[in-house]
Every structure is written in structure tokens, then in C-alpha cells.
Amino acid sequence: IRAQTSYEKTSTVVAGGTVDGLLIGSHLLIGYQKILTWAYARLYVGPDYERYRLAPNKNYGSNWENIYGVKVRGIWGTDTKSPIFAELVADFSSASNRYLARGRIGQSLLEGVIIGPEGILSGNRTRTDNRAGIFVLFRSLGLQPVDFYISGGYSNTSADRGGGSAYGAL
């Protein structure tokens, strides 16, 4: 998987007080899945790579930083035919000591539509982002299950990253 994002943060040590950043991240995971009667467990591991670029240019050295590490992800969830939906995802990357833990529990309202609360903890050495909200899962129960999530709620982020705000995700 490869992702790219741009960001902006304030700094008192640069002219203009604003630093523009670019993050490119990628990882390749291989995994193992165990199917139980009522649940499944998955474990993935593989190399992780992150590349950062900052602007304005520094007066010394490169503006690019490359970080390499290992990524580990574990997922536990209930079977698609279970009357209660539960899922726990845990993720850790040694490239930047980034972690994520997400828990969801829900109930089927209609065939293939599940709704419930979610909690998310994420961060690294310098920031935290804790979220509480709700999710809606649209699940195709054909031969090959396909899941589509919508979630939103309140995010309590470190003050230097914006503080509390609403969040939404697809």
C-alpha cells in the first residue's frame, strides 16, 4: 500500500511561521488468517517505509528524510453471520513508532447494514489522537463479502495538532 499526504504546521523557528510538509508512506504486508467457528483472527507483518519533505528549505542538510522499519497489524472480528458485530484492529510501525488501536461493536439494523460505536487510539512519540464516534457498515453477504464503512465523531488530538474537533472517514 502507498499513501501520500500534504500537511502544514506552525513553527516559531522558520520565516513566516509555517512549515509545509509532504509524507509518502508505503508498506508491504504478508499475513496469516485463522477462521474459527464464530470469529476470525489475522496477523500481518512486513517492511514499512516513510519519506518526509519539509519546506521552506533548511539552511543545512537535506529537506528529505527517509525512515525504514517493520509494520505489524493484528485484526480480530466476529463472523459475518454473527448477530453481534465486533472488530478490534491493532497496528504498530517501528519506522516512526506509530500505533493505532480501533474497536467497534455493532448490531445489524437491516440485512447487510450494521451500526454501532467505535473508539480509536492512535499516535506516536510526539502526538496522540483519541476518537469516539459511531460507524455504519454496509456489508455485501454474497460469496465474497465486501465491507464499506462510514464513521464520524469527536477527535481529541494533541493541542499542537489542532486540539479537539469532529472527524469523518469513509
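Atoms CG and NE2, from Asp91 and His27 in turn, are 7.0 Å apart once rounded to the nearest 0.5 Å. Interatomic distance, CD1 of Ile120 versus CG of Asp129, reported as 8.0 Å (0.5 Å rounding). With rounding to the nearest 0.5 angstrom, the CD1 atom of Ile67 is 9.5 Å from the CG atom of Asp48. Taking NZ from Lys71 and CG from Leu28, the interatomic distance works out to 11.5 Å, rounded to the nearest 0.5 Å. To the nearest 0.5 angstrom, Arg131 atom CZ is 7.5 Å from Ser165 atom OG. Taken from CD in Glu65 to CG in Leu23, the straight-line distance is 10.5 Å, to the nearest 0.5 Å.
Considering every non-hydrogen atom in both Ser108 and Ile114, the closest pair reads CA-CG1, 4.0 Å. For Gln107 against Pro83, the heavy-atom pair with the smallest separation is NE2-O, 3.3 Å. The minimum heavy-atom distance between Pro117 and Ile105, with the atom names listed, is CD-O, 3.1 Å. When every heavy atom of Ala86 is checked against every heavy atom of Trp76, the shortest pair comes out as CB-CZ3, 3.9 Å.
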**Request:** I would like to know whether Tyr167 and Asn156 meet side chain to side chain contact (heavy atoms under 4.5 Å, CB included); could you show each step before the answer?
**Result:** CA-CA 10 Å; Tyr167 78 90; Asn156 185 16; over 6 Å; no
**Prompt:** Should Arg102 and Glu87 be marked as a side chain to side chain contact (heavy atoms under 4.5 Å, CB included) after you check the CA-CA gap, both sets of side-chain angles, and the distance that decides it?
**Reply:** CA-CA 8 Å; Arg102 181 185 68 219; Glu87 182 181 67; 3.5 Å; yes
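Within the 4.5 Å cutoff, side-chain heavy atoms of Phe148 are placed close to those of Leu170. You'll find the side chain of Thr157 stays beyond 4.5 Å of the side chain of Arg127, heavy atoms only. In this structure, Val72 and Leu43 have side chains that are in contact, with non-hydrogen atoms separated by less than 4.5 Å. Residues Phe92 and Asn97 form a side-chain contact, since some pair of their non-hydrogen atoms from C-beta on lies under 4.5 Å apart. Contact annotation: the side chain of Arg125 never approaches that of Ser96 to less than 4.5 Å [non-hydrogen atoms, C-beta and beyond].
Without hydrogens or angle criteria, Thr78 side chain to Ile84 main chain gives a donor-acceptor distance under 3.5 Å. Within the 3.5 Å criterion, the main-chain N or O of Val70 finds a donor-acceptor partner in the side chain of Ser94.
Residue Ile30 qualifies as open at atom CD1: its count of foreign heavy atoms under 6.0 Å is 12 or below.
For Ser151, the side chain to side chain donor-acceptor pair (under 3.5 Å) partners two or more places apart in sequence, or in a different chain, are Glu118. A search for side chain to side chain donor-acceptor pair (under 3.5 Å) contacts involving Asn124 returns Thr126, not counting sequence neighbours.
Both Leu110 and Phe138 are members of a single hydrophobic cluster when ILVMFWY side chains are connected at heavy-atom separations under 4.5 Å. The same ILVMFWY cluster, assembled from side-chain heavy atoms under 4.5 Å apart, contains both Leu29 and Val89. Linking Ile, Leu, Val, Met, Phe, Trp and Tyr residues whenever their side-chain heavy atoms come within less than 4.5 Å places Val136 and Leu109 in a single cluster.
Cation-pi geometry between Arg42 and Tyr40 is met: the NZ or CZ atom falls under 6.0 Å from the ring centre, inside 45° of the normal.
Taking the six-membered ring where tryptophan is involved, the planes of Phe85 and Phe135 are tilted, since the angle between them lies from 30° to 60°.
Test Ile115, Ile150, Asp147, Val113 against Leu137 for side-chain contact (heavy atoms from CB on, under 4.5 Å) and you get one pass: Asp147.
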